[in-house]
Chemist: 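Below is one structure. I have some questions about it.
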Amino acid sequence: NAGVTQTPKFRILKIGQSMTLQCAQDMNHNYMYWYRQDPGMGLKLIYYSVGAGITDKGEVPNGYNVSRSTTEDFPLRLELAAPSQTSVYFCASSYGRGYEQYFGPGTRLTVT
Amino acid sequence: TQLLEQSPQFLSIQEGENLTVYCNSSSVFSSLQWYRQEPGEGPVLLVTVVTGGEVKKLKRLTFQFGDARKDSSLHITAAQPGDTGLYLCAGANLQNSNSGYALNFGKGTSLLVTP
């Protein structure tokens with residue numbers, strides 16, 4: 001099993017550009033999450049999903065959108081990128097609420 | 001959001017020393033998880049504690065959940081350079097339907113063990 005995979009690994013965007021961060025898991029987990037991690041700030045939840053077709057906002061959803069058309073995939077869309085979105089983004093999945101979360105390797109995004 | 005405070009924020013020690021890091025909250029958690037994150041990678045689960053007062057050991061790492069399930073500690077005996085990383089605690093509150101479906105993460109303790 002590959003676990004949780006994320007692409008790209010690195011990306012540099014100009015202000016105002018858009019992009020999609022891809023996330024896929026092959027563990028048949030219903031729960032998936034997107035976090036951002038800034039230095040000294042821990043992990044902040046952006047969006048989460050409890051199953052295909054169901055998504056909900058986390059702590060810091062502004063400037064982002066998600067979709068969950070399949071159990072496996074949970075892409076994160078950035079529209080009109082801003083410097084404040086410079087961060088490392090992690091996708092995670094879990095079997096259920098409160099269970100161990102399995103994380104992808106992260107996407108390091110710089111907006112200049 | 002239920003806050004988890006981790007201390008110390010940074011810790012630099014020599015190989016062979018012992019250390020303890022703490023995770024504290026004013027909220028009660030159904031369970032608490034400890035993750036380790038190495039540079040350039042995602043966090044990886046070390047342990048989950050569920051019962052108040054529970055102690056779990058993972059080789060040289062000892063984890064304890066407070067009796068009131070509001071705090072936890074991680075003790076490392078005879079630290080090695082391979083223990084270097086960011087240690088994150090994360091709490092789940094399954095009793096509160098308004099708490100969302102994700103874990104609440106602390107900001108982490110960054111540990112450096114030098115030879």
Chemist: Sort K44(A) into side chain, backbone, both or neither according to what part of it lies under 4.5 angstrom from a heavy atom of chain B.
Modeler: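 It is neither, since no heavy atom gets under 4.5 Å.
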
Chemist: Roughly how far, to the nearest 0.5 Å, is CG of L111(B) from CD1 of I76(B)?
Modeler: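 Rounded to the nearest 0.5 Å, the CD1-CG separation comes out at 5.5 Å.
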
Chemist: Check whether the ring centres of H29(A) and Y102(A) lie less than 6.0 Å apart, and answer yes or no.
Modeler: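 Judged by ring-centre distance (under 6.0 Å), H29(A) and Y102(A) do meet the cut-off.
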
Chemist: So what's closer than 4.5 Å to chain A heavy atoms on F10(B): side chain, backbone, both or neither?
Modeler: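 No part of it gets close to chain A.
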
Chemist: Aromatic rings F105(B) and F103(A): how do their planes relate, parallel, tilted or perpendicular, breaks at 30° and 60°?
Modeler: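 If you compare the ring of F105(B) with that of F103(A), the planes turn out perpendicular.
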
Chemist: Does the E54(B) side chain pair with the main chain of V50(B), one donor and one acceptor, at a distance under 3.5 Å?
Modeler: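 The answer is yes, because a donor-acceptor pair under 3.5 Å joins these two groups.
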
Chemist: Relative to chain A, which segment of Q37(B) carries a heavy atom at a distance below 4.5 Å: side chain, backbone, both, or neither?
Modeler: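 For Q37(B), the side chain is the part near chain A, not the backbone.
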
Chemist: Counting heavy-atom pairs closer than 4.5 Å to chain A, which one of G40(B), P43(B), S110(B), G108(B) comes out on top?
Modeler: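 Winner by heavy-atom pair count: P43(B).
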
Chemist: Quick one: what part of Q37(A) sits under 4.5 Å from any heavy atom of chain B, side chain, backbone, both or neither?
Modeler: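 Contact with chain B involves the side chain of Q37(A) alone.
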
Chemist: Chain A heavy atoms under 4.5 Å from Q33(B): which part of the residue, side chain, backbone, both or neither?
Modeler: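 Contact with chain A involves the side chain of Q33(B) alone.
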
Chemist: Please round to the nearest 0.5 Å and tell me the distance separating atom CZ of R36(B) and atom CG of D83(B).
Modeler: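 Between R36(B) CZ and D83(B) CG, I get 6.0 Å after rounding to 0.5 Å.
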
